[in-house]
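Not measured: the values here are computed from a predicted model.
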Amino acid sequence: MGASFFPSTAILGAFLLHFVILCLHSEPALGVTRHYKFDVYQATKYGCLSNRKSIVSVNGQLPGPRIVAREGEQLLIKVVNYVFNNMSIHWQDSALKTVSLTVQPCPEHIMNLNFVCNDRHGIRQLRTGWTDGPAYVTQCPIQTGQSYMYNFTITGQRGTLFWHAHISWLRATVCGPFIILPKHGVPYPFPKPHKEVSINFGELFNADPEAIISQALQTGGGPSVSDACTLNGLPGPLYNCSAKDTFRLKVKPGKIYLRRLINASLNDELFFSIANHSLTVVEADAVYVKPFETQTLLIAPGQTTNVLLKSKPHYPNASFFMTARPYVTGLGTFDSSTMAGILEYVQPPNKFHKKNSINKLPLFKPILPALNDTSFTTNFTKKLRSTNAPQFAANVPHKVDRKFFFTVGLGTSPCQGNQTCQGPNGTMFAASVNNVSFAMPTTSLLHAHFSSQSYGVYTPDFPINPVIPFNYTGTPPNNTMVSNGTKLVVLPFNTSFGNFDPNKDPKNFNLVDPVERSAAGGWVAIRFLADNPVHTIWGLKMACIVLDAKLPNQKLLPPPADLPKWQKPNLL
């Protein structure tokens, strides 16, 4: 999410496992190269309540510019940094992760608070690990006044992803859609839509988001919530804002529309619905799924979901709200307000009388689930199944080489020094995996590994089982304290993973048509093949290094010449 990892004082969140793939360079399969330029600079935008404010933006847009490419094409994206914050861009899938911005040069320590990402996270960086983008993981950030050319090829993916800010909360305004079309001549596995539209769920803050999260990190409490939630950067009519700040989606009767939904909000899992209309889910996180119809869907931070909307056969003489609000069951602060846009039908021509004002039409509103409706979320998630068609095979590993048991949750850390903290009982919130809260390094993990200088940067001793066992799905333990450290799991090449409970749960595993997606709440059993030469799996401050294999095309290539400046760790 947001992007995918938490600092030692991280807080809140839909806790989703996020995997960042760091691989090597590949050649464009179709010989087509698309060029983009991202200029990162301050732009003046309206906040909620029509307050003018300056935001960090890409090309002055909110949401940022849309990237469109076809499967197999090469992308060259030049990022030029004109703001005070250092930055890097990550290209991610349904989960947050893209542009990293810090106020310190590379080797200086910076807290990283990015929340959401998933098990098939973002562009699969086959042989292009240096351009994956997470600051201090695959690269040092781009410093003020500098630039970096991201060079990668889209391999074996098609659908909706997105890119966004990866360090701190600048991802609130630095993000945008990433659309991967099928290869020429390859149709969608669903009816061809009349038109396609991207819809970004986001947030607006009247205060500086960086100041908000900085204060939260210092106090250890939950950060202040946003002043408005948004659809495509607009808060909508349910807030005290002007009517012009409403996203209006226009449709014609009797047409099929493809809606590319992107949850770019910082922390909130969202229920979404359009009044008096059904949605057919056809893709999740750039993976085609078996189509199913629903009135309401759930989409977590960093996730994307493509849906087909079939408009009514005749002009309905009405307009319809599109609304979204959070699903929340955990601790921490969250915005409980409802974002809204309006679905409008294009009025048919009538030569006998003037057009009726769209504002005079009845406006219907959908009924969303309760904030804590876990039953709905469970039932919705169960419906997600990959198509598992021959050209889109699920390829689930059946051989399990190593087994890990990871507990993902929200714990606490002691208050630092003599300061007053606002977490439970005067502590600080801390996200953790297996009782370990990840401490962000001060230099690039991938570079440290590549240059054989990992000593002093990280240790390869991440616990494969919880350090302190407890009832993971029942009453929380009395002791919620976690430890801190930059610990990694080291894996041999082509290692595969499996089961949560080998005695009970495997019989319920879907090894035929599982969907590849972000995961939140409860527990999830994940199987994946560690087939990338050197890659990092990053989830709530856990990382894995997959060692080089023997074949040349399974080894990490040297970093590109224009990779942002990297300094060796100071071991003194």
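- In this structure, Tyr239 contributes its side chain and Ala340 its backbone to no donor-acceptor pair below 3.5 Å.
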Phe380 vs Tyr327, side-chain contact (heavy atoms from CB on, under 4.5 Å): CA-CA, chis, key distance, verdict: CA-CA 13 Å; Phe380 177 81; Tyr327 161 62; over 6 Å; no
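- Between the side chain of Ser226 and the backbone N or O of Glu203 there is no donor-acceptor pair closer than 3.5 Å.
- Other residues, nucleotides and ligands contribute over 12 non-hydrogen atoms within 6.0 Å of the CD atom of Gln42.
- Judged purely by atom type and a 3.5 angstrom limit, Ser454 has no side-chain atom pairing as donor or acceptor with the backbone of Ala448.
- At distances below 3.5 Å, not a single donor-acceptor pair connects side-chain atoms of Asp132 with backbone N or O atoms of Thr138.
- The aromatic rings of Phe376 and Phe271 lie perpendicular to each other, with more than 60° between the two planes, well past the 30° mark.
- Using a distance-only test at 3.5 Å, with no hydrogens or angles considered, a donor-acceptor pair links the side chain of Tyr150 to the main chain of Ile89.
- Under the 30°/60° scheme for interplanar angles, the aromatic rings of Phe205 and Trp169 are found to be tilted.
- A donor-acceptor pair is defined here as one N or O able to donate and one able to accept, closer than 3.5 Å; no such pair exists between the side chain of Asn200 and the backbone of Leu261.
- Side-chain N or O atoms of Ser57 include one that pairs as donor or acceptor with a backbone N or O of Tyr41 at under 3.5 Å.
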CA sep, side-chain torsions, deciding dist, call: Val58, Val174, side-chain contact (heavy atoms from CB on, under 4.5 Å): CA-CA 6 Å; Val58 173; Val174 183; 3.7 Å; yes
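- For Asn263 and Ser265, the side-chain atoms include at least one donor-acceptor pair closer than 3.5 Å.
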Evaluation steps, side-chain contact (heavy atoms from CB on, under 4.5 Å), between Thr230 and Met339: CA-CA 6 Å; Thr230 61; Met339 66 181 78; 5.9 Å; no
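- In this structure, the side chain of Asp208 does not engage the main chain of Ser54 through any donor-acceptor pair within 3.5 Å.
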Pair Leu563-Tyr148, side-chain contact (heavy atoms from CB on, under 4.5 Å): steps then yes or no: CA-CA 7 Å; Leu563 190 70; Tyr148 179 44; 3.3 Å; yes
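- Of the possible donor and acceptor atoms, one in the side chain of Thr173 sits under 3.5 Å from a partner among the backbone N and O of Val56.
- For the pair Gln139 (side chain) and Ser88 (backbone), a donor-acceptor distance under 3.5 Å is absent.
- To the nearest 0.5 Å, atoms CG (Asp373) and CG (Leu298) are separated by 10.0 Å.
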